[in-house]
Structures are given as C-alpha cells and as structure tokens.
There are 2 protein chains.
Amino acid sequence: MSTKKEILNLLKHEILNLTLKPGTILSETVLSERFQISRTPLRDVLKQLSIESYIDVYPKKGNLVSYIDLESVEQIIYLRSVLEKDIIKGLSGSLTLKGIMELKKNLEEQKNAIYQEHALEHFLMLDDTFHRTLFTLAGHEFLWKLIKFSNVHYERYRRLHMLKQEKLEKVLNEHHMILDCMTNHETDKVDELVQHHLREDINSLYLLENFADYIKA
Amino acid sequence: MSTKKEILNLLKHEILNLTLKPGTILSETVLSERFQISRTPLRDVLKQLSIESYIDVYPKKGNLVSYIDLESVEQIIYLRSVLEKDIIKGLSGSLTLKGIMELKKNLEEQKNAIYQEHALEHFLMLDDTFHRTLFTLAGHEFLWKLIKFSNVHYERYRRLHMLKQEKLEKVLNEHHMILDCMTNHETDKVDELVQHHLREDINSLYLLENFADYIKA
DNA sequence: CATTGGAAACTTGTATACAAGATGTCGTGA
DNA sequence: TCACGACATCTTGTATACAAGTTTCCAATG
C-alpha cells in the first residue's frame with residue numbers, strides 16, 4: 001500500500017531515468033494491483049503525469065510512457081539559455097560569500113562524483129543542484145520550478161547525451177568557468193559560455209542513431 | 001449536460017475575468033448538479049484547475065478559487081521581459097512582410113476596440129494575440145503556451161490594473177513603438193521599452209488599496 | 001488457404017455508494 | 001450566561017460496479 005504522492009514520485013523517477021522506456025504501457029489495473037490501491041486515486045496520479053507530459057493517454061486504449069519530444073528539448077534549452085544568461089550576469093555583481101561557498105562546495109562534490117559508482121546518476125543530480133542554486137540566489141526559484149514542470153523531455157534527452165564519462169568532465173569544467181565569470185565580473189563572456197553549456201552538441205547524431213526508438217516521430 | 005472540456009474552459013474563463021472571485025467556494029456536488037454530470041469527471045476538471053493554480057484544494061474542507069499571488073505575478077513579468085526582449089531583437093532582422101501585416105492588422109483592431117463596448121475584454125484579447133504572434137513568428141509558440149499555463153495570477157492582476165481606459169491607450173502606443181523598433185532595426189531601444197511595457201506601474205498601490213481582498217496574504 | 005464475422009477479453013470513462021475528516025449547531029450542564 | 005460535548009451535516013477521498021469503445025483471436029464460410 002502506497003500513498004498517491006509516493007506513487008507519483010516513483011513513476012516520475014522511473015520514467016526520467018528510463019527504467020520505464022518510452023512506449024511502455026501503464027495500465028490502470030496493473031498499477032492498482034502493484035501499489036495495492038484502487039483505480040480512483042491511481043487515476044489522479046495518471047492525470048498529473050499526463051498534464052506534465054510523462055505519459056500520453058489514449059482514451060479506451062491505454063496509457064503510454066511518452067516518447068522524447070525534441071521540439072520540447074529545443075525550446076527548454078532556449079528558455080534556459082535566455083534566463084540563465086540574464087541571471088548569471090545579474091549575479092556577477094551581487095554574489096554573496098555564502099553563495100560562492102555553496103557553489104564551490106557543489107563543484108567539489110561534482111568532481112568526486114565523476115569517478116565513483118553511479119557517476120551519471122550522482123553527477124546529474126549535482127548538476128541540477130548547481131543550476132537550481134543559481135536560480136535561487138537570483139530570487140527566481142519560482143521559475144526553476146516552472147522549468148522543472150515541463151522538463152520530462154529535456155531531462156531524458158540529457159541523460160542519454162551524457163552517457164560518456166568525458167562529457168561529465170567537460171560539463172564540470174564549464175561550471176567552473178561560469179563561477180569564475182561571476183566572481184571576476186567578466187560578464188562579456190557569459191553569453192557564449194552559457195549558450196554552449198546548455199546546448200552542448202545537441203546537433204550530433206549520436207542520440208538519433210542509437211536511441212531512435214525513444215524519440216517522438 | 002456539458003463535456004469536461006467545456007466545463008474546464010468555462011470555469012477557467014469565469015475565474016480569469018473575476019466573475020468567480022478569489023475565495024469563492026467550488027463545491028463538487030454543486031458543480032455536478034449545475035453541469036448535470038457526476039462527481040468523477042468533475043473531479044478531473046478540478047484536478048486540472050488545481051494543478052494550474054486556478055483553485056486551492058483543502059482536503060475534506062473544500063475548493064476555493066485561488067487568491068492572486070503577487071510573487072507569481074512578479075516572476076511571470078520577469079520571465080516575459082527576458083524572453084520578449086530576446087525575441088523582439090531576434091525578429092528585428094528577420095521579420096517577414098506577412099508578419100508585419102499581421103501585427104499591423106492586430107494593432108488596427110486594438111485601436112478600434114478601445115472606444116467600443118466591452119473595451120477591456122476585447123482589448124485584452126487582442127493584446128494577448130499581439131504578444132502571442134511575436135512568440136509564434138520567432139518559432140516559440142511552445143514557450144507562449146508554457147507561460148499561459150502558469151498565467152492565472154498575472155492575468156487577473158493585469159485585468160484589475162487596466163480598468164482605466166487611458167491605460168489601454170498607453171499600452172497600444174507602446175505596441176506601436178515595439179513594432180517600429182523591429183521594422184527600423186532599432187534594437188538598442190528594445191530593452192527599456194519591453195521592460196516598461198510589461199512591468200507597467202506594478203509598484204503603484206492602486207491595486208493593493210482597492211482589491212486587497214483578492215490578494216494572497 | 002484467405003477472409004470475414006463475431007464474440008470475448010481487454011482498455012479507460014462514468015456513476016454511485018460509502019468512508020472519513022471538518023464544521024457548525026443545538027442542547028445540556030455548571 | 002458561558003462552556004463544553006454529542007450529533008447532524010457538510011466537505012472531499014476511495015472503492016467498486018458498470019458503460020462503452022478497442023483490440024485480439026478464432027472459427028465459420030467462401
């Protein structure tokens with residue numbers, strides 16, 4: 001027996017880390033037996049997953065884990081680029097010592113994470129924290145949550161993209177450069193740096209070739 | 001008998017135009033009788049309204065139309081400022097004749113709307129179309145929808161703020177200036193113009209003094 | 001053998017009875 | 001008069017039976 005909140009978080013997590021692959025069927029009856037709960041509260045969970053694009057609901061047919069929508073990925077990258085450029089420039093003048101320490105500690109943890117077990121899982125979480133901290137320090141946690149809310153496609157895209165370890169090192173290095181920019185007030189470098197950091201090599205064909213069956217047609 | 005979609009749109013509309021005032025109770029049984037539908041599909045509608053912050057659900061107590069959250073208003077204004085500055089600058093170089101015509105036609109309609117019946121209602125709709133068109137022309141309709149999705153508080157705030165007719169004239173004038181900036185490639189003026197256009201005089205006390213009972217504590 | 005009909009077994013959608021908590025009322029007692 | 005407590009009546013939350021559409025599979029028929 002699980003609560004609705006637990007079920008929601010569990011399913012979200014399993015979809016985001018691709019344990020539940022795009023196209024997987026999420027039947028109400030199967031889920032209600034798995035979680036020992038009736039269909040009514042379960043439908044609440046599925047409704048929420050549907051609104052956040054984790055699943056697609058086909059009436060009288062079934063619920064499928066959504067395929068990765070590259071249009072959504074592109075748009076979220078653009079949104080984050082524009083926002084984080086502005087936020088980082090804004091922070092350059094006003095970053096507190098406490099804020100700097102928080103970011104440095106996070107980058108230290110990222111460095112340690114890269115060469116340990118579950119590197120990808122752990123690193124992605126810390127990367128998330130790094131960027132969220134930027135939003136929070138700038139007083140825009142609200143917008144971070146809004147981005148998170150429509151993040152299913154980007155998050156899964158990103159995970160597939162970062163499968164190679166050398167990518168993690170590059171990303172960590174860019175985090176250091178971003179922090180340096182802020183502490184040294186080098187606002188002129190920010191635009192190009194953030195643009196490249198978020199966009200990565202989105203145009204590479206690696207993902208399309210190896211995970212075509214995860215991608216929305 | 002109404003469909004879920006109709007009910008959802010109707011309730012959204014009534015909340016946005018303040019026919020349903022903040023704090024109004026939306027009881028499931030009352031609504032199910034009004035729309036001649038059972039509680040189950042109605043709860044689907046309320047769930048969606050809840051996720052989009054149109055209502056607040058207090059378990060076993062009731063559902064209230066949400067109060068206007070000024071923090072959300074501030075954040076949406078910031079988000080739109082940053083995005084529209086970038087979008088407008090980007091369009092300055094690449095606006096098509098068709099795009100220019102579409103925007104001009106819209107502004108013509110805005111001018112006519114100001115002095116007719118239901119000026120506010122009509123003008124707000126056209127204003128919405130103007131800004132949506134900017135997003136669409138720039139290839140970012142996705143982000144317009146994302147903003148719309150978390151727009152309840154901003155939309156109601158705005159309506160209260162624009163109750164005076166002279167405001168409409170000022171806004172229309174600024175729309176013309178924005179269009180001129182784009183056609184004349186005067187990108188240096190964009191930042192200040194957009195900033196002022198979206199922010200308006202949000203700091204005025206008019207709203208707080210006259211509609212305090214609509215505002216979230 | 002291929003094709004078509006149709007029933008059976010699925011799917012989600014809806015109505016409804018009941019559970020359980022919150023609230024307000026009214027009466028009793030001090 | 002005031003305080004308190006039981007109860008009646010609200011509210012939303014949950015379980016479940018049934019409705020209605022979709023798919024699958026198998027057998028009958030050409």
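Order of the sequence lines sets the chain letters (A, B, ...), proteins ahead of strands, with each chain counted from 1. Worth saying up front: this structure is predicted, and the values here are computed from it rather than measured. Excluded from the calculations below are hydrogen atoms, water molecules and symmetry mates; all remaining heavy atoms, backbone and side chain alike, are included.
Here the two rings, on A:H140 and A:F135, have centers that are 6.0 Å apart or farther.
Closest-nucleotide positions on DNA chain D for A:P59 and A:R39 were compared, and the one nearer the 5' end corresponds to A:R39.
Heavy atoms from other residues, nucleotides or ligands lying under 6.0 Å from CG of A:L10 number more than 12.
Neither OP1 nor OP2 of D:dT14 sits under 4.0 Å from any side-chain N or O of A:T40. Between A:N63 and C:dT11, a side-chain N or O to OP1/OP2 separation shorter than 4.0 Å is absent. Phosphate contact (OP1/OP2 of C:dT12, side-chain N/O of A:R43, threshold under 4.0 Å): absent.
Each of B:R80, B:H131, B:K170 was scored for a side-chain contact (heavy atoms from CB on, under 4.5 Å) with B:H197, with one residue passing: B:H131. Of the residues listed (A:L31, A:D44, A:T29), the one engaging A:R39 in a side-chain contact (heavy atoms from CB on, under 4.5 Å) is A:T29, and it is the only one.
If you take OH of B:Y58 and P of D:dC10, they are 22 Å apart, rounded to a whole angstrom. C:dG13 atom P lies 13 Å from atom CD of B:Q48, rounded to whole Å. Going from atom NZ of A:K4 over to atom C1' of D:dT14 covers 9 Å, rounded to whole Å. Rounded to whole Å, the distance from CG on B:L64 to P on C:dA22 is 16 Å. The interatomic distance linking B:L26 (CG) with D:dC10 (P) rounds to 18 Å, in whole Å. The CG-C1' distance, from A:D44 to D:dG13, rounds to 9 Å in whole Å. Spacing between atom NZ of B:K61 and atom C1' of C:dT23 amounts to 10 Å, rounded to whole angstrom units. Atoms CG (A:L46) and P (C:dT11) sit 13 Å apart, rounded to a whole Å.
For B:S38, the side-chain atoms get nearest to C:dT16 when compared with the rest of C:dG13, C:dT16, D:dT14. Here C:dT12 is the nucleotide among C:dT12, C:dC18, C:dA22 with the atom lying nearest to any side-chain atom of A:V57. For A:I37, taking side-chain heavy atoms from C-beta onward, the closest of the listed nucleotides C:dT12, D:dT12, D:dA15 is D:dA15.
A donor-acceptor contact shorter than 3.5 Å links the side chain of B:Q36 to the backbone of B:E33.
B:K216 is linked by a salt bridge (charged side-chain N to carboxylate O under 4.0 Å, His left out) to nothing, counting only residues two or more places apart in sequence or in another chain.
Heavy atoms of A:K47 sit nowhere under 4.0 angstrom from any nucleic acid atom. When heavy atoms are screened at a 4.0 angstrom cut-off, B:L42 is found touching no nucleic acid atom at all.
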What nitrogen or oxygen pairs link the protein and nucleotides 6-10 of chain C at under 3.5 Å?
none

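When side chains are defined from C-beta on, B:L198 does not count as touching B:Y78, because their heavy atoms never get closer than 4.5 Å.
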